[in-house]
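Every chain is numbered from 1 and lettered A, B, ... according to where its sequence line falls, protein lines coming before strand lines.
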Amino acid sequence: MVSPIYLIVIPLAVAFFISFFDRLGRGLSLTLFYAGLIALTAISGSWLLSTVTGIIGSEGAIGGQLSQAAGTLVFTAGLEPPLSIALAMGPQEAFFLFFANLAGLGAAVVLGRRMAAESVTAMVLFLMVMLGAQGLVMTLDLFNLFVFLEISSIATYSLIALERSRGSMSAGFKYIIAGGIASALFLIGTIYLYRIAGSLAIADIIAAQPAAAGMAGVTAVFLLTAALLIELKPFPANGWALDVYQSVQSGVVSVIAVVNSAAVLFALYKVFPMLPAPLTNALLWIGITTFFASNLIGLRQSSVKRMLGYSSSAQIGLLISVLALSAMYGWSGRLQVIVFASIFFGHIFSKAGLFWLTEVQEERGWKGWSGPRAAGGVLLLAVFIAALAGLPPFPTFWAKWVLVKSIILQQPLVVAMLLLGSLCEAVYLLRWFGRTVHLRRTAAASWNTPARIALPAAAAAILLTVGGVIAGLAADVEPLMFLPLAAGLVLGLLVWLPSRLQGFIAAALVTAAGALFIPQMQGMASVFALVFYGGGLLMLIATLYKRQDSPGFYPLFAALVLSLGSLIQATGLLEFFLAWEIMTFSSYFLILLGREAEKPALNYATFSVGGAFVLMSGMALMAAVLPPEIFQGSLIAAQVSAEPLLAAAPGIIGQGRDVFAVAPNGFLGGLAFTLIAIGFLTKIGAAGLHIWLPDAYAEANDDVTPLLSAVLSKAGIFGLMLFVLLFPAALFSWFNLPFVLRWVGVLTAFFGTLMAVFEEDIKRVFAYSSMGQLGYIVLAVGLLNQLGWTTALYLTVIHLLFKGMLFLTATAVIDRTGTRQMYRMGGLIKNMPISFISALIAIIALSGVPPLAGFGGKWLLYNALTANNYVLLAAVAFFSSTIAFLYLFRFIYTVFLGQLKIEHRRVREAPAALLLPQVVFILALMAVSMFPNLLIQPLQSALAMFPADAGWQNGTMVSSIGYWNGSAVMWITMSVFILMLLWLLFVQRKPQPVSQFNIVFAAERPERPETTHYGYNFFAPYRKALGFLVTPLAGRFWHRIAEVTGSIGGAARRIYTGNGQTYALHILLFVTILYFLIAR
Amino acid sequence: MSTDINKEDTQTQQESIRQVVEAMGEYPGAADASDPQLFCEARPKVEKPFRGVFEKFLNWARANSLWVLGFGTGCGAIELRPLMTSRFDASRFGVAGRPTPRQSSVFIIGGYASVKTLKRIVRSYEQMQNPKFVIALGSCTINGGMYWDSYNTINRIDQYIPVDVYITGCMPRPEAILAGFVKLQELIKAGRGEKANEYAEHFDWYKANQKKVIKDWDMPDYNW
Amino acid sequence: METSLVLKIAYAALSLFIAFNYGILLGATTYRIRARVQGRLGIRLYQPYLDIIKNNAKRTSISHGIMFYLGPIFRITGGVGTFLFIPMIYGSVVFSNFSFAGDVLLVLYFIFFGQLGMALGAGEGGHPYSAIGVSRGLAQMTAFEVPFTLAIIALAVQHNTLSITEIIAAQQGGILNWSLFTNPAATAAALIAFLGMNMGNPFSVVTAPQEIPIGPPVEYHSNYLGLLQTNRSIFNSAKLILFMNLFFGGATNLIVMIIKTFLIYMITVIIGVAFPRFRVEQSIRFFLVVPTLIGLVGLVIALW
Amino acid sequence: MNTSYQYSYTNIEELLEILVEKGFIAPATEQQHATVIGRRQVQSSDLAFVTVAPEAARHLILDLRDRFGFTHLVLLTAVDYIEEGKFLLTYLLHNYELHHDIGVQVPIGREAAEAGASMESIHDLWAQAGTYQRELKEMFGIDFPGSPRVDEPFILEGWDEVPPMRREFDTKQYSETTYFPRPGRSTNDPADYMRQKLYPKE
């Protein structure tokens, strides 16, 4: 094992000799430079390997006390401290150093061209920065800490100033001011501490407990902490750092933001044990405020680099608060590893990667940042942004989950700030990403990623992914849960294949997964599994109609479908949430593939991420308030161990159990369930939370929307039903949640349906229609009895059938006519007869007209409602269901009937790939219509946990108040229909087939199809009468919220004046105020 | 509240209409009448009546269910209104008004017919279904009446469409019109109400006459 | 007491025949009554038969396409089906139709079957007036269904059943047991909705002969029109019988049925001759305010 | 008294005087035929006619509209003076404050140029003038270059004869050759009839 001393020696030596070698040739010096950096990385890597395996070897599993367990101590010059520099190398040090060095190495590669072009000083300074970082991490001595801090600082601002631009000079100077203040404070603090402890060794000082030694000790510790804190750029004393981030080249920034910050953070970590409790507490709040405020301000940033700077600042703040939290609650071992290490790891690589990627276009604001040309570059960008935003499978995701779960009861405010800050961060990152994708598509100048950037960035991305998966596995997540991601990855690697072939592979994957998992399911779970896998597969087949390639489409599609399956597979809250998040982001990226989808996708992401955070906090709270015997062990242990109740989830569903007999858990349980319900309702698009829905559905690609509506939207329903079964007691423990749920459901149905009536865009019509239909399902779920839940499941299945048909028809029509405006179509029945039949059957089913299966849903719903005296609900639901006629007729009339436009004469029938799933849906629908018991009886038996409230007699379904024989209705209707048809055929002489203008037109002849087709604003009188109901109140509300958030961010940003004096003042004020707060 | 909505509504409507108009570019004018996808080009056929008692029964039903096309082609239309009033009550005879030629069986030419109206008369007549009957009111339909020398008013309607019953006068009173209806009923019952077939038989002659005066013939030859 | 399927079909055909003729004679009678009010004699009682024969005897017809052709068939299937799902005479095996197939919800939704099919057929006719008529009709329908639904839910809650037969059964034993008296508000709401359902004045804007010739069926003629006329009489009977069953105690024999339905029909006739026509948005607002409030009162009565 | 316009006047004579005074129209000439430029005629206390040259007409009409308050174009019509080889166009304008009408009459040559009679369009002054001009184009063949849709048929669909309101067009002859006159038609001119009845001997 190489002695850690070489980590100090190598950079020193290389820095010393490099200028000599430079005389001999730049090639030589560059070789030496990179060799030195590689050596640093290799040494720290070998230490990481050995310490970690040492721990594993010694204790068998990660989980013991990590510090110094398998490390080593090194004393320079062979002397004991204080005469020598004492260096420690343990697993933590190795971890920090290895990844910091790796990031540094990457940065050096990225900066390669500059290193080659500029004077050798740059290399020297770079090495000195690295040297400072090594020292900061390893040293055990306070004074040495100071020395390395100084080395690091001086090297850094020299490096900054080396750019010789006005901005960088000024930034370097601001850095010097801040650094100077920090150094002064540090030195004073050190002096005091030496006075108290009589030693400069950190361990001695900690042992001396300076904080307990009166005010002087506290002050000393405070000064020390404040110095380190300033270096870590807390809000609001971080203006100087942001200027640095903005004005310095990205490669250098990546070093400052990643290597330096990591080292200083580690230094803070080392002195943490000597901190008094109030200071720890203060650090928690400083950290989380920095996180929240920086992200809030980040919303208003236009410069990409400055935006990333805010993000860096925020992440460091988060790390500080995590340090404080782990000190406050005495976290150690796995918890600390998962939370702190994961955030740290995720932060350095995602941030470094982003800074590297921005290097080429660093002067642009995000609005003009057109992104890499190669698809791989976009993928890298996506990985870094996802990692930073805390999406799975990246490390931050696990960390946030565990963090929230651990502190939700103790520190709800911190959780709130954490989640809100994360939401802001996700919004501005995804906004940037969306714009990039959009600009790239609209053929604005995008750039090639040079290999010197692409290689390190790719390495970072791989590291992030691997690290994330490892972290996930460490959190005891079943490997199976990574299946969607793996499938996406595999298909992503096959991106060079022809698009159709990819589609077939994806279909094969989904089929295999379905064939494998569906038989394992039972009860309700199998219903949803059938919907998810079966519906997903059919939608996947439908996408094969596309003629042009769309890279990334099938990987995302497959990941999305499989993640829906994973939702059912999940055996723990974390696994459920993992699948949920995979579903969310894969659908976000899918939506983003749409041509005009930049804004809608952002809206979708905002609501989805927000909803997911609400869901997460609800789940965390739920896990926290459940009785300990259900979640074995302490709260802290609960986050990683598999929750036993949830482990049985798929089993519970389908097995008889009186689910509402559990005692209530009080307010917190109710609150938790409410949060969970809000999370699901966001996905469902319940009234008020729906504003993302129409745009996202409309602007997503035409082959994605059917999946979103017919399949994806059921995820929320599944979640809702699952959690009702899991935590039934929480339903009533705060307020009557089912009551609210029912009304939310019926109002969603009403407003969704009504809004659909007034839309011109075919996809928006069905988007609102989906919203309305899901409203009925939510209403049915809220009934909490067997008939109600049968209704919910029945509607879930039927909605898949008819909405799948409708959206596929819409896709076909849009594909063939090239427009989404219904009034521009018309008369397509003769050109697209099969699509027409599909649409016809679908609208009959959707509207609930017998004899098709849609009526079953209506019958079940009204029976369930009326039997329980929910008369108002029934009335509103009925009103909504009649309103549905309006948009349905309007759709089928305006598109298929009426006047064919001249330019649509050559329109052909939909492609076979689109028709095939429709035919399957039609057959399924007709089968269910002929024999309703085929579907309803299995559903009823799946819901055996409820007391049975409807039975069957010879094919007649009998509820407590009504009865219905679907087969008989079908037979009677068919017979009458055929009789009447025969009669007409008998009495009528052969009718003359005529053309579209052979109409009675008040004795005139129609002029043009456009002026003869009554299609635009079809329900004008209805709008006059009820249009006031669709005033976009919810939209305005959310828009106002976004505006206010943005203005607060903008206002907060004003404190950063760009003036060095002001920044110095900020720092001093920050320290002073902090001091008074602590000392009080 | 509601007025605001309406106003907003109108504005958005106008905006959308503007967009549509812009998208259409210059208004392209009427579509081509000889386009077989727009207009059916089939000629009318002679539809043979049934024979014997059955046809007599049907004719009786037809005669007693005269649905009049509500199309006032001239000043005589004003004489039709009183027919439905309590004084004359044509519904006793099975006469009823019908707003569309598709559902009507009797076409009343209400007096003078300008060339422009003639075009609409022909179109409406052809859109009625066989069997169909025509009653022509007043001198104008017989010989041009007071418009006999007008450059724009035809003189004899029977040159253009077949007429079952003429009712003279300028204008004939409702009593006369009722008498005309009774006459028509007699004709139908006698099996002589086959003018629709006559029209189909002499289609070319009628069409030539029509086209002689209707110069911008932007319809198909037969309006189904 | 199981009746064989063949017998059931024969019975249903019989009651259908009765309903058809009754509907036609009812229509002619009300026409004559209306004519008498205006000082006329009006049509002959058998005039509607002649009209139907005449239309079926038309020698030519045109077709705009399959859906246009099937539209009237959908319509009459809807009418006949609706009739067949309603028991005509309470307690009679012969006139119980196929009411075993479903409850009042089925009838409620089956009414839409014909309307939807008709609207589609009219839509393929390609005539803008058809579409305008359908637009108005659907818009108005959504509105009058609200009070109607409220009334039916009130009845269902009140009698704790959705089965029409059981609702009739609950009203037996005296005139005061009729829903008309046990729940007058629900009855009133339903009757106002009935006016809209019949599309007579003041809710006749759908077919508005003066503006948009006759709305949806503007392109229908000849045999199609014959079917539609046939349907009208059957459907009218069906609706009347439904209302009689739900609100007026049903009927135990044909004569009672005829008297009751005739009187119910006279309500719409009288209101029809006395009122002018609403515009669509006016009738929507009207239905959603006055009868809906009455219907809510009916609900309160039912729950209380 | 109209006050909101540049020139105020109280009666129609005063108006004409102002028009002459300001040089809008030529001084009065003898009472002459309507087609003679410079003719002025006060028909009644609220109606007057002036005849102006085609070149001056538009200017005068614009001034009447903007300076005298004749904001309404009541009609635009033409009379065929075939004997003089002229059409007389009449622009009738109305003043809403005083309720006066003034008819601006413009004689134009029937066949002024090869293209036939022509006159400057005023559709930009009153949009509805375009409709009148279409009608004049169809009925008289008077062209108004630049007027919207002026060449499209107005009420006669597909008319391909001489414009029917021109006096050289023989409507009776046209009707006889075109509209299948029913033979045996007799005319009873009331004058003849009465003469024969009263004075059968003559």
Side-chain angles (χ1 to χ4, degrees), chain A residues 827 829-830 840 844 847-850 855 858-859 862-863 866 869 871-872 874-875 878-879 882-883 885-886 889 892-893 897-899 956 961-965 968-969 972-973 976-977 980-981 984 987-989 991-994 996-1001 1012-1014 1018-1019 1021-1022 1024-1026, chain C residues 56 59-65 67 69 72-73 76-77 80-81 84 98 100-103 105-106 109-110 112-113 116 119-120 123-128 131-132 134-136 138-139 141-142 145-146 149-150 153-154 156-157 160-163 218-219 222-223 227 279-281 284-285 299 303:
Chain A
I829 174 171
K830 292 187 177 70
L840 177 63
I844 293 180
S847 54
V849 170
F855 176 69
K858 305 287 179 203
W859 186 86
Y862 297 125
N863 269 282
T866 317
N869 282 0
V871 285
L872 271 185
F878 195 92
F879 187 27
T882 53
I883 295 176
F885 279 99
L886 268 60
F889 176 76
I892 199 162
Y893 166 74
L897 306 174
Q899 297 285 337
T956 304
I961 52 171
Y963 60 96
W964 165 57
N965 187 335
V969 174
I972 292 168
T973 314
V976 174
F977 189 87
M980 292 301 151
L981 183 59
L984 186 58
V987 297
Q988 190 180 27
R989 297 193 188 190
Q992 169 71 37
V994 296
Q996 64 186 90
F997 271 4
N998 288 104
I999 55 175
V1000 173
F1001 202 61
T1012 314
H1013 191 55
Y1014 180 71
F1018 198 80
F1019 292 108
Y1022 212 64
K1024 267 191 195 162
L1026 296 180
Chain C
N56 277 307
R59 293 178 194 137
T60 57
S61 57
I62 61 167
S63 168
H64 285 280
M67 202 60 229
Y69 189 84
I73 301 185
I76 194 166
T77 308
V80 172
L84 289 180
F98 296 132
F100 65 87
D103 48 30
L105 288 175
L106 176 70
Y109 269 92
F110 206 80
F112 299 138
F113 183 84
L116 191 64
L120 291 172
E124 205 190 4
H127 202 297
I132 294 172
V134 173
S135 156
R136 293 174 173 189
L138 287 176
M141 178 202 77
T142 63
E145 287 291 343
V146 174
T149 319
L150 286 172
I153 294 171
V157 170
N160 197 27
T161 179
L162 283 166
S163 155
V218 60
E219 276 291 297
S222 304
N223 310 67
L227 276 185
R279 286 209 311 258
V280 183
E281 65 269 19
I284 291 172
R285 288 197 197 115
L299 271 186
L303 286 169

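- No other option in C/Thr60, C/Leu299, C/Leu150 has as many heavy-atom pairs under 4.5 Å with chain A as C/Leu299.
- By the 30° and 60° cut-offs, the orientation of the rings of A/Tyr862 relative to A/Phe878 is tilted.
- Among the candidates A/Met980, A/Gln899, A/Gln996, the residue making the largest number of heavy-atom pairs closer than 4.5 Å to chain C is A/Met980.
- Across all non-hydrogen atoms, the minimal contact from A/Leu840 to C/Met67 is CD2-SD, 4.3 Å.
- Contacts with chain C were tallied for A/Phe1001, A/Trp964, A/Tyr963, A/Phe885; A/Tyr963 has the most, counting heavy-atom pairs under 4.5 Å.
- Atom CD1 of A/Ile829 is separated from atom CG of A/Leu897 by 5.5 Å, given to the nearest 0.5 angstrom.
- The CG atom of C/Leu162 lies 9.0 Å from the CD1 atom of C/Ile153; values are rounded to the nearest 0.5 Å.
- Here the CZ-CG distance, from A/Phe889 to C/Leu120, works out to 6.0 Å after rounding to the nearest 0.5 Å.
- Ranked by heavy-atom pairs under 4.5 Å with chain A, the first of C/Leu106, C/Leu116, C/Asp103 is C/Asp103.
- Both the backbone and the side chain of A/Ile883 come within less than 4.5 Å of a heavy atom of chain C.
- Heavy-atom distances place both the backbone and the side chain of A/Leu984 under 4.5 Å from chain C.
- If you measure heavy-atom distances from C/Glu219 to chain A, the contacts under 4.5 Å come from the side chain alone.
- Contacts between A/Leu981 and chain C at a heavy-atom distance below 4.5 Å involve backbone atoms as well as side-chain atoms.
- The residue among A/Thr882, A/Asn998, A/Leu1026 with the most heavy atom pairs within less than 4.5 Å of chain C is A/Thr882.
- In terms of heavy-atom proximity, A/Gly848 sits nearest to C/Tyr109 at O-CD2, 3.2 Å.
- Proximity to chain A (any heavy atom under 4.5 Å) is restricted, for C/Leu84, to the side chain, taken from C-beta onward.
- Minimum heavy-atom separation, A/Thr973 to A/Val969: OG1-O, 2.5 Å.
- Using a 30° and 60° split on the angle between ring planes, A/Tyr1022 and A/Phe1019 fall in the perpendicular class, above 60°.
- Proximity to chain C is limited to the side chain of A/Phe855, based on heavy atoms less than 4.5 angstrom apart.
- Using cut-offs of 30° and 60° on the angle between ring planes, the pair A/Tyr1014 and A/Phe1018 is tilted.
- Here C/Asn160 is the residue among C/Asn160, C/Asn56, C/Val80 with the most heavy-atom pairs under 4.5 Å with chain A.
- Ranked by heavy-atom pairs under 4.5 Å with chain C, the list A/Phe977, A/Trp859, A/Phe997 is led by A/Phe977.
- For C/Ile284, the part lying near chain A is the side chain, with the backbone staying farther off; criterion is any non-hydrogen pair under 4.5 Å.
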